[in-house]
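Below is one structure, written out as structure tokens; comments come after it.
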Amino acid sequence: QVQLVESGGGSVQAGGSLRLSCAASGYTYIMAWFRQAPGKQREGVAAIGRDGTIRYEDSVKDRFTISRDDAKNTLILQMTSLKPEDTAMYYCAASPLGGTTAAMLVPGRFSYWGQGTQVTVSS
């Protein structure tokens, strides 16, 4: 069982930046960030494999950067140029298994989830 603990959420104005962190207690192969706004389905934001493969959701490309430090079992999401539509609860997710790049942002492939951290962007 891998435990995930997110940190770094908060409130910012549009155009601002935030850095989310996720600490994992054990081995992970793919780690990802998902988000869920009230009344909406959970959606994948960005994912990164242990082999360095990365995938972003289209709306965050060129604004968000995902990275991981496997020595510290830590996942990072650097968010810039934030927009009000980025407002959501952000969840860290992890899986010990590899898989196709196309499935990297599919919630069902992840075994472990954090409790979430709130990101609020005001206009």
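Counting begins at 1 with the first residue of the sequence.
Listed by first then second residue, pairs satisfying disulfide (SG to SG under 2.5 Å) with a partner in residues 54-89 number zero, not counting sequence neighbours. Pairs passing the ring pair (Phe, Tyr, Trp, His ring centres under 6.0 Å) check and including a residue from residues 83-110, sequence neighbours excluded, read Phe34-Phe110. Counting only residues at least two apart or on different chains, no disulfide (SG to SG under 2.5 Å) pair has a member in residues 30-82. Among pairs with a residue in residues 31-91, none fulfils disulfide (SG to SG under 2.5 Å), at least two apart in sequence or across chains. Within the structure, every pair that satisfies the side chain to side chain donor-acceptor pair (under 3.5 Å) test and touches residues 78-88, not counting sequence neighbours, is listed here: Arg35-Asp86, Arg63-Asp86. A side chain to side chain donor-acceptor pair (under 3.5 Å) check over residues 109-123, counting only residues at least two apart or in different chains, returns the pairs Gln118-Thr120. Within the structure, no pair that satisfies the disulfide (SG to SG under 2.5 Å) test touches residues 52-89, not counting sequence neighbours.
Partners of Arg42 by salt bridge (charged side-chain N to carboxylate O under 4.0 Å, His left out), not counting sequence neighbours: none found. Looking at residues two or more places apart in sequence or on another chain, you find a side chain to side chain donor-acceptor pair (under 3.5 Å) between Lys61 and Asp58.
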Return a table of donor-acceptor pairs under 3.5 angstrom between the side chains of residues 16-27 and protein atoms on other chains or two or more places apart.
residue: Ser25; atom: OG; partner: Gln3; partner atom: N; Å: 2.7

Output side-chain donor-acceptor pairs under 3.5 Å for residues 70-77, partner residues at least two apart or in another chain, one line each.
residue: Asp70; atom: OD1; partner: Arg68; partner atom: NE; Å: 2.7
residue: Asp70; atom: OD1; partner: Arg68; partner atom: NH2; Å: 2.9
residue: Thr74; atom: OG1; partner: Lys72; partner atom: O; Å: 3.0

Solution key, residues 44-55 side-chain donor-acceptor pairs under 3.5 Å, sequence neighbours excluded:
residue: Arg50; atom: NH1; partner: Thr28; partner atom: O; Å: 2.8
residue: Asp51; atom: OD1; partner: Thr53; partner atom: N; Å: 3.0
residue: Asp51; atom: OD1; partner: Thr53; partner atom: OG1; Å: 3.0
residue: Asp51; atom: OD2; partner: Thr53; partner atom: OG1; Å: 3.2
residue: Arg55; atom: NH1; partner: Thr101; partner atom: O; Å: 3.3
residue: Arg55; atom: NH1; partner: Ala102; partner atom: O; Å: 2.6

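Nearest heavy-atom pair, Leu105 versus Tyr56, reported as atom, atom and distance to 0.1 Å: CD1-C, 4.0 Å.
Val60 is connected to Val12 through a chain of hydrophobic side-chain contacts under 4.5 Å among Ile, Leu, Val, Met, Phe, Trp and Tyr, so both are in one cluster.
For the pair Tyr29 and Ser95, the minimum side-chain heavy-atom distance is 4.5 Å or more.
The environment of CG in Asp62 is sparse: at most 12 heavy-atom neighbours from other residues, nucleotides or ligands sit within 6.0 Å.
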